[in-house]
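Below is one structure, written out as structure tokens; comments come after it.
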Amino acid sequence: MKKLFTLFTLIVIIFTAQASTYYGFKIGGVAVNSDNYTNVRGSNIKANIEDQPYSVVYDPSTKTVTLNNVKIVRTGNDNRCIYNESCDGLTVYFSTNNSYLSSTTCAPIRLEANTTFTCEALVQVSVYGADGDANCLYATDGATVTFDHATFYMYLSGNSNPAISCSSTTDEKIIFHHSRVYARSAGGSALSRFSSVTSDGSALLLRTGSETAFAMSNVKSFTLHTYSTMTIGYGINPINSFTNYSYFGTATFSSSQKTFVNAGNDVLPGRDIIISQRIPVNESNFPDATFRSWVTEKYGSNLETYEIFERRTINIETAGNEVLKNVEDWTGINYFFCFRRLWDQGGKTKILRLFSNREFYHLKCYDNPAGITWAGLASSLNPVPSGKEGLIEAFNATAAERNQLPTRSQLGVIKSNGFDFIVKNGNQTYSLNALQDYWPIDYAHFPDDAFRTYLFGTAQGLDAVVYDSENASINGFDIKNMNIADLTGIEGFKNIQHLYCYQNKLSTLNLSQNTKLTLLYCYWNKIKSEGWDQFIASAPTFSTRLDVYCYYPSSAEQNDPPTYVQVAQAKAKNIHFYQRVNYGWEEMSDTPPVVPGDVNGDGVVTSADITALYDYLLNNDATHIVNGDQSGDGTITSADITAVYTILLNS
């Protein structure tokens, strides 16, 4: 019996193993197979940008694995982020949001089969360790590695290994096709050992931190295709331009002779090597006409290699840059890989994405009437470079025109990348806090300029937001005589008990969320009868009596007094209207004086009274019926219409 059970168990195990097909690669240590390929999950696979969705999905029909907003950090020997063991022709596609791959003591990316990388966003790869293949990317078994329309930032520290390397014994190749790659090793070459390196319309920055290492070494064949240029040495103008040029065999490059010479086995000596296509300055790459015109004036019809890396700062107030105040879309700034600072105060920026600008750390865009799309900017930010202070100065509380503020979620993404978000109010600056919920004091939430300006001057509003903890302590507002025409936004202050808003320009009030309010002074505004209808309809039923001082006859601009019907409707919600009488305030009555023919209770007999009766008889609408039985027969019928009509004829 025991043997039968063991045999049965073995059959089950074999059947289970055969039921799942391994696709030949691992993501974050998770083997991708036919059971999990639609949603690859593992303890090492996390969101790179918190509060944003992330995913790993594989399509077996195209051999494409798609990573979106993925962060994989692994420790220990042979614990890799992406490991292609046997999936020949695998495409790794990074979509939408930036991704981050990191491991210690081994290569985060190890490829033993042909693999292509392509992406819409930046991929950051880092490694710290001393294992044999502790490179950012390591290829073996004759694999060809292709970067196709990809953007990568690779940094290796802690050893003298190359950042990108291979076994060198099985003919590995690497191809850069219309891609942008930054590779740096702290103590070794940036790129080494490949039998063939090809750059086709790509921009590469290869850098070594060692005085004795070569940026590219032990490469047997190096090819630059059409419109490729090459720079050797940091900050040096292009030494030479190569068109359709290739050479084979080991060689070095003589910077003094500016020629290739057959000596040694290192390629292109120098601590920095920059290889790039000439980027056309056209509408496709620079869609904003103003920005495109400025780039053309500065650099001509094509961006050359050294120009791509030399641009560090754009200040629109600098002489010659004033035209940039009209730029709305900064697409194209991504080609300037070393771009660090944009000072766009008073500009019109709407679109700013910085996926490829790995060194960026300072944005100043106060007084921007267009309004930056924070969601797009936040999702494209890279971590602030080491040793730099990340600043986004984007809101001036006292300016007439200004950006909106980011949401807490967007601010959280900005903060997670090391940027401090600064708002300015007068001569003071404040840092926004993403650790608690807040309500931005901006045009989107408070459209009235006068009301917004008042809030900026309160103790809670100095930093241009009201945090939940501050909101709890606000129990009222005194905003009389401030030319306020719209109190939109006041609904967020749920704890206010009193509101003095008289002598303004209000035409209606919506206090539907201010359920703790007990005292409201709102006379000398512009609230007409329809405004009172809106106020009453939107109001909640107050648990504590709300006294509303609404009508003060004088030569000042006046509200309409609420009608008897409106007073009655308000009382049903525990709202009590008051009017000024002689030298004191008197509660308004919901019972009109008996005036023959006055159906709607407004104190006079007009055609409106006949309309009220028709509405009741035809539509059963008693909204404006106060004294409907004008004939005295105890019911409302057409006889009452005749009675009112007779009174009108005789008046």
Side-chain angles (χ1 to χ4, degrees), residues 446 448 450-451 454-455 458 460 466 470-593 600-603 623-624 626:
F446 299 91
D448 188 277
F451 187 31
Y454 163 77
L455 292 173
T458 64
Q460 297 87 355
V466 177
E470 296 174 325
N471 195 355
S473 66
I474 300 174
N475 59 14
F477 290 116
D478 185 352
I479 48 176
K480 59 182 179 291
N481 194 22
M482 290 187 177
N483 289 319
I484 296 172
D486 186 355
L487 282 179
T488 295
I490 201 167
E491 62 270 12
F493 300 99
K494 301 182 187 301
N495 295 307
I496 61 172
Q497 299 172 29
H498 63 268
L499 176 60
Y500 304 112
C501 60
Y502 59 89
Q503 204 170 356
N504 280 294
K505 297 180 179 180
L506 300 169
S507 59
T508 189
L509 289 166
N510 185 337
L511 304 173
S512 57
Q513 304 300 312
N514 309 104
T515 58
K516 296 182 180 180
L517 199 64
T518 61
L519 190 61
L520 171 62
Y521 279 81
C522 59
Y523 58 88
W524 292 348
N525 274 289
K526 296 182 176 182
I527 305 175
K528 304 306 178 184
S529 182
E530 60 272 17
W532 291 124
D533 282 338
Q534 295 169 6
F535 167 68
I536 296 166
S538 66
T541 298
F542 287 86
S543 58
T544 303
R545 174 184 173 120
L546 170 60
D547 292 329
V548 180
Y549 295 82
C550 63
Y551 186 62
Y552 191 151
S554 72
S555 59
E557 192 160 18
Q558 282 300 330
N559 300 320
D560 283 349
T563 66
Y564 294 105
V565 172
Q566 290 167 337
V567 172
Q569 292 171 339
K571 280 187 176 180
K573 294 186 171 184
N574 207 12
I575 302 170
H576 298 261
F577 286 117
Y578 284 80
Q579 63 180 344
R580 185 79 174 185
V581 178
N582 296 325
Y583 297 102
W585 290 94
E586 181 180 284
E587 184 173 355
M588 300 178 74
S589 173
D590 60 351
T591 304
N600 62 12
D602 62 359
T623 303
H624 299 289
V626 176

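These numbers come from the heavy atoms of this one structure, side chains and all, not from hydrogens, waters or symmetry mates.
- Side-chain contact check for Asn495 versus Ile474: every heavy-atom pair is 4.5 Å or farther apart.
- Counting heavy atoms from C-beta on, the side chains of Phe451 and Leu487 come closer than 4.5 Å.
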How far apart are the C-alpha atoms of Gln497 and Leu519, what are their side-chain angles, what is the distance that settles it, and do they pass the side chain to side chain contact (heavy atoms under 4.5 Å, CB included) test? CA-CA 6 Å; Gln497 299 172 29; Leu519 190 61; over 6 Å; no
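- The nearest pair of heavy atoms linking Ser473 to Glu470 is OG-O, 2.7 Å.
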Distance-only donor-acceptor pairs under 3.5 Å for side chains of residues 502-511, two or more places apart:
from   : atom 1 : to     : atom 2 : distance (Å)
Asn504 : OD1    : Met482 : N      : 2.8
Asn504 : OD1    : Asn483 : N      : 3.0
Asn504 : OD1    : Ile484 : N      : 3.0
Asn504 : ND2    : Ile479 : O      : 2.9
Asn504 : ND2    : Cys501 : O      : 2.9
Asn504 : ND2    : Tyr502 : O      : 3.3
Thr508 : OG1    : Gly531 : O      : 3.4
Thr508 : OG1    : Gln534 : OE1    : 3.2
Asn510 : OD1    : Ser512 : N      : 3.0
Asn510 : OD1    : Ser512 : OG     : 2.9

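- Taking OG of Ser538 as the start and CD of Glu491 as the end, the distance is 10.5 Å to the nearest 0.5 Å.
- Atom CD1 in Ile527 sits 9.5 Å away from atom CG in Asp560 (nearest 0.5 Å).
- The main-chain N or O of Leu517 is never found under 3.5 Å from a side-chain atom of Asn514 such that the two would form a donor-acceptor pair.
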May I have the step-by-step check of side chain to side chain contact (heavy atoms under 4.5 Å, CB included) for Tyr551 and Gln558, ending in yes or no? CA-CA 7 Å; Tyr551 186 62; Gln558 282 300 330; 3.8 Å; yes
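- We find the OG1-NZ distance between Thr541 and Lys573 to be 6.0 Å, quoted to the nearest 0.5 Å.
- Nearest heavy-atom pair, Phe446 versus Thr488, reported as atom, atom and distance to 0.1 Å: CD2-O, 3.5 Å.
- Here the shortest heavy-atom pairing between Val565 and Val626 reads CG2-CG2, 3.1 Å.
- Taking the side chain as every heavy atom from C-beta outward, Asn525 and Asn559 approach each other to under 4.5 Å.
- In this structure the side chain of Thr623 reaches within 4.5 angstrom of the side chain of Gln569, judged on heavy atoms.
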Step by step, work out the side chain to side chain contact (heavy atoms under 4.5 Å, CB included) result for Lys571 and His576. CA-CA 6 Å; Lys571 280 187 176 180; His576 298 261; 4.1 Å; yes
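- Between Phe493 and Phe477, the distance from one ring center to the other falls under 6.0 angstrom.
- Distance CD/Gln566 to CZ/Phe577: 7.0 Å, rounded to 0.5 Å.
- Checked by atom type and distance alone, the side chain of Asn600 never pairs as donor or acceptor with a backbone atom of His624 at under 3.5 Å.
- In this structure, Thr544 and Thr518 have side chains that are in contact, with non-hydrogen atoms separated by less than 4.5 Å.
- At least one side-chain heavy atom of Tyr578 sits under 4.5 Å from a side-chain heavy atom of Asp547.
- Asn475 places no side-chain N or O within 3.5 Å of a backbone atom of Ile496 that could act as its donor or acceptor partner.
- Between Cys550 and Met588 there is a side-chain heavy-atom pair separated by less than 4.5 Å.
- Proximity of the aromatic rings of His498 and Tyr500 is defined here by a centroid distance below 6.0 angstrom, and this criterion is met.
- For the pair Glu587 and Arg580, the salt-bridge criterion is not met [side-chain N within less than 4.0 Å of a carboxylate O].
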Apply side chain to side chain contact (heavy atoms under 4.5 Å, CB included) to Asn471 and Lys494, showing your working. CA-CA 8 Å; Asn471 195 355; Lys494 301 182 187 301; 5.6 Å; no
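- The minimum heavy-atom distance between Phe535 and Val548, with the atom names listed, is CZ-CG2, 4.4 Å.
- Between Tyr521 and Trp585, the two ring planes are perpendicular [angle over 60°; tilted spans 30° to 60°].
- Residues Trp532 and Pro561 share a closest heavy-atom pair of NE1-C, 4.3 Å.
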